[in-house]
Peer 1: 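Structure in structure tokens, see below.
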Amino acid sequence: MPLSEHEQRLLEQMERALYAEDPKFATALEGTGLRARTRRTVYGAAAGFVVGVALLAGGAVTKHDWLSVVGLVVMVGCAALAAVSWRRAPRLGVADPRTGAPQRRRRTNRATVVDRMEQRWQRRQDGQ
């Protein structure tokens with residue numbers, strides 16, 4: 001059952017207050033299960049990547065082309081798995097107020113940053 005808007009706002013305020021008062025405790029209470037699972041997935045993918053490198057090298061040494069191809073496929077697959085897991089990892093202190101699930105951070109637009117820098121420069125020039 002979803003929360004009403006008022007309840008969502010109250011929950012969000014309580015979360016912000018908790019982070020403001022004791023950020024270490026709030027981080028400890030945060031979704032550590034998701035982060036731990038993501039960490040294990042990335043570590044497993046890194047280990048798989050190393051196995052792929054070993055297969056690739058083993059195929060090159062033993063002159064078995066199929067073993068090298070398998071090693072390459074394992075390497076690419078593990079790299080893709082690690083990248084996808086890393087991108088979907090929950091962020092610290094950022095939660096969706098509707099679901100309580102981690103929310104992706106918004107990226108700033110480079111044009112906006114450049115525009116702000118130009119505005120600051122213009123203000124400095126006008127002030128001098």
Peer 1: Hey, does Val84 have a side-chain heavy atom less than 4.5 Å from the side chain of Arg87?
Peer 2: no
Peer 1: Partners of Ala45 by side chain to side chain contact (heavy atoms under 4.5 Å, CB included), sequence neighbours excluded?
Peer 2: Cys78, Leu81, Ala82
Peer 1: Heavy atoms only: give me the nearest Leu56-Met75 pair and the separation to one decimal.
Peer 2: CD2-SD, 4.0 Å
Peer 1: So, Thr38 side chain and Ser85 main chain: donor-acceptor pair closer than 3.5 Å or not?
Peer 2: no
Peer 1: Taking only residues two or more places apart in sequence or in another chain, which ones pass side chain to side chain donor-acceptor pair (under 3.5 Å) with Glu7?
Peer 2: Ser4
Peer 1: Under the 4.5 Å side-chain heavy-atom rule for ILVMFWY, direct or indirect, which residues accompany Val74?
Peer 2: Val51, Leu55, Trp66, Leu67, Val70
Peer 1: So how far is it from Arg9 CZ to Gln13 CD, rounded to the nearest 0.5 Å?
Peer 2: 8.0 Å
Peer 1: Going from CH2 on Trp121 to CE on Met117, what distance comes out if it is rounded to the nearest 0.5 angstrom?
Peer 2: 10.0 Å
Peer 1: How many angstroms lie between CG in Leu11 and CZ in Arg16, if you round to the nearest 0.5 Å?
Peer 2: 10.5 Å
